[in-house]
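In what follows, a single structure is set out as structure tokens and then discussed.
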Amino acid sequence: MRAAPTILHLDMDAFYASVEQASKPSLRGRAVIVGGLGPRGVVATASYEARRFGVHSAMPMGQARRLCPNGAYLIPRFTLYRQVSDIVMAMLRELSPLVEPLSLDEAFVDLEAGGVAFDSDSARATGERLRADIRAATGLSGSVGLAGSKMLAKVASEGAKPAGLLLIEPGTERELLAPMSVRTLPGVGPATGEHLRRAGITTVGELAEAGEDELVRMVGRAHGAGLYRMALGLDDRPVVAERDAKSVSVEDTFDVDLHDRVRIRGEVQRLADRCVQRLRGSGHSGRTIVLKVRRYDFSTLTRSETLRGPTDDPAVVREAAARLLEAVDTTGGVRLLGVGVTGLADYTQEDLFAQSSAAEAEAEAEAEHQDDGAGGEGGAAGGAEAEAAGGDTGPSEGPERPGEPQEAPERRWTAGSDVRHVLYGPGWVQGSGVGRVTVRFERPGSEPGRVRTFRVDDPDLEPSDPLPLVGDLS
């Protein structure tokens, strides 16, 4: 514990939903729910307007729609969220070399290490300046907590929400924590919270009064001792600038269970390519390839294969994932697929034999099918990072017949995705169906825009990249 509140915790307010409201002026002040839009989707973030109806993150999307039928339901746009996050994290690193990101919208900062704060007054001034700078750079609000430890700084930022700042003076920790729910403390989830409730412990104060010996008896030595220290407000964990990634993975949940083995293999190959993109983006390679399969009955199987050396070659990962799939029984249907890489390293030592066989197989396939058309990604709906899919097309349903004209697959426009029209400029998809797509034409900082409807195959309408929230919006 520090003698001054020089550990800062920043938590952006309803981040995904706030970004959507900032980029779509017609949604300001409205209930916005971001997440997977399929029947098995879940809520990633809900705006504060939506939370008044009881909608919260991790809630099934179907339940959210029942609670808030008039809300705006949008797919996540992670490309834009990362761009905004990069701006915010860069501002934090200007304050200190010790910045510990927890997610795209949350981080700890050691202000003392940066020489910008040494007491309560300077810490508060730094926090207020940071909030103002974030608002000016992104148009978004963030909540700031300041305390002498990481745990208390996080508690403070939660208490400051939304768009506030709360500083916990050293020496006041126990008084502040005492009336709070035990669920406030890190590591106290629903199961531990219920276990403590049955023992008559519901507040942090009651947890401290129970004593370390009683807590050790109830939840075990390691957990009990840690809970007691946190109940007293004691936390000596340092802010760690770099967190080593342990794995990289991607997964997709499907609206309808997959039964076609060929389709399942194709989805695994697509996921392997996406996984390698993320792996390379993080500057890593990896030795162990992991396949995750959740079947129709919710049973989840994982299979892994460790290579002779780390790799970031998509052909090697695809080949390993395909081998793993052969050992999995998909009879009855598959509802989720995932591909991951673990055993990460900062260098690559390729498996030359695997590379060679994969390259030869690809060359043979290309020679046999060089005149075939390429299918799109198909109906994957909503992994944790499902990108806007406006304009994606699924694979054709049957074999092509020589000389017979092929009907082009219908273009798909997903609610919330970015588009641009030759005449009307940038906009976003409000919805689509029965061969039509409805678009609202507006941009960040503009007045709410007009809505127009087009055919889904209108050649003047194309998917586009998201516009920045502030600055150059051309």
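No hydrogens, no waters, no symmetry mates; every other heavy atom, side chains included, goes into these values. Here the structure is a predicted model, which means the values were calculated and not measured. Starting from 1, each residue takes its place in the sequence as its number.
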Shortest non-hydrogen pair, Gly286 vs Val341, comes out as CA-CG1, 3.5 Å
Between Arg198 and Glu194, does any NZ, NE, NH1 or NH2 come within less than 4.0 Å of an OD or OE carboxylate oxygen? yes
How close do Gly145 and Ala156 get, heavy atom to heavy atom, and via which atoms? CA-CB, 3.6 Å
On a heavy-atom basis, which atom in Leu167 and which in Ser120 lie closest, and how many Å separate them? CD1-O, 3.6 Å
Thr306 and Thr288: side-chain donor and acceptor closer than 3.5 Å? yes
Between Asp13 and Ser141, does any side-chain donor sit less than 3.5 Å from a side-chain acceptor? yes
First locate atom CG of Leu152, then atom CD of Glu169, and finally report the distance between them rounded to the nearest 0.5 Å. 12.0 Å
I'd like to know if the side chain of Arg30 reaches the main chain of Asn70, judged simply by a donor and an acceptor atom lying under 3.5 Å from each other, with no hydrogens or angles considered. yes
Do Thr414 and Val429 have side chains that approach each other closer than 4.5 Å (heavy atoms only, starting at C-beta)? no
Please check this pair: side chain of Glu442 against backbone of Gly449, looking for a donor-acceptor N/O pair closer than 3.5 Å. yes
For Gly416 versus Arg77, what's the shortest heavy-atom pair and its separation? O-CD, 3.6 Å
When every non-hydrogen atom of Leu185 is compared with those of Ala231, the smallest separation belongs to CD1-N, 4.2 Å
Nearest heavy atoms of Ala64 and Val43, plus distance in Å: CB-CG2, 3.8 Å
Test item: Glu175 side-chain N/O and Thr172 main-chain N/O as donor-acceptor pair under 3.5 Å: no
Set out, in order, the CA-CA distance, both residues' side-chain angles and the distance that settles side chain to side chain contact (heavy atoms under 4.5 Å, CB included) for Ile7 and Leu111, then state yes or no. CA-CA 6 Å; Ile7 293 181; Leu111 300 181; over 6 Å; no
Less than 4.0 angstrom from a charged side-chain N to a carboxylate O is my criterion; do Glu212 and Arg229 meet it? no
Can you check whether Val19's main-chain N or O pairs, donor with acceptor, with Ser23's side chain at less than 3.5 Å? yes
Report the C-alpha distance between Leu146 and Ile168 in whole Å, list the side-chain angles of each, state the deciding distance to 0.1 Å, and finish with yes or no for side chain to side chain contact (heavy atoms under 4.5 Å, CB included). CA-CA 6 Å; Leu146 293 158; Ile168 299 178; over 6 Å; no
Donor-acceptor pair, Arg278 side chain versus Ser249 backbone, under 3.5 Å? yes
Arg131 side chain vs Ala163 backbone, donor-acceptor pair below 3.5 Å: yes
I'd like to know if the side chain of Thr126 and the backbone of Val116 have a donor-acceptor N/O pair within less than 3.5 Å. yes
Roughly how far apart are Asp133 CG and Leu92 CG, rounded to 0.5 Å? 10.5 Å
With the threshold set at 4.0 Å, does a side-chain nitrogen-carboxylate oxygen contact exist between Glu100 and Lys150? yes
Quick one: do Asp257 and Arg40 make a salt bridge, cutoff under 4.0 Å? yes
Within-4.5 Å side-chain heavy-atom neighbours: His9 and Phe108: yes
Any sub-3.5 Å donor-acceptor pair from Ser85's side-chain atoms to Tyr81's backbone N or O? no
Where does the angle between the aromatic ring planes of Phe441 and Tyr424 fall among parallel (under 30°), tilted (30 to 60°) and perpendicular (over 60°)? tilted
4.5 Å side-chain heavy-atom contact, Met12 and Val84: no
Is any side-chain heavy atom of Ile87 closer than 4.5 Å to one of Leu469? no
Verdict with reasoning, Trp413 to Val439, per side chain to side chain contact (heavy atoms under 4.5 Å, CB included): CA-CA 10 Å; Trp413 303 99; Val439 178; over 6 Å; no
Check step by step if side chain to side chain contact (heavy atoms under 4.5 Å, CB included) holds for Thr184 and Val155. CA-CA 7 Å; Thr184 303; Val155 168; 3.8 Å; yes
Quick check against the 3.5 Å criterion: does Ser47 have a side-chain atom that pairs as donor or acceptor with the backbone of Val32? yes
Got Val470 and Arg135 here, is their nearest side-chain heavy-atom distance under 4.5 Å? no
Verify the neighbour count for atom CZ of Arg450: are there more than 12 heavy atoms of other residues, nucleotides or ligands below 6.0 Å? no
Quick one: do the Thr300 and Arg294 side chains pair a donor with an acceptor below 3.5 Å? yes
Side chains of Thr45 and Asp105, heavy atoms from C-beta outward: is any pair under 4.5 Å? no
Donor-acceptor contact present, side-chain Arg183 to main-chain Gly193, <3.5 Å: no
Which residue, Asp119, Asp236, Asp110, forms the salt bridge (charged side-chain N to carboxylate O under 4.0 Å, His left out) with Arg2? Asp110
Do Val248 and Leu344 have side chains that get closer than 4.5 Å, going by heavy atoms? yes
Please tell me if the side chains of Leu74 and Tyr16 come closer than 4.5 Å, counting only heavy atoms from C-beta onward. no
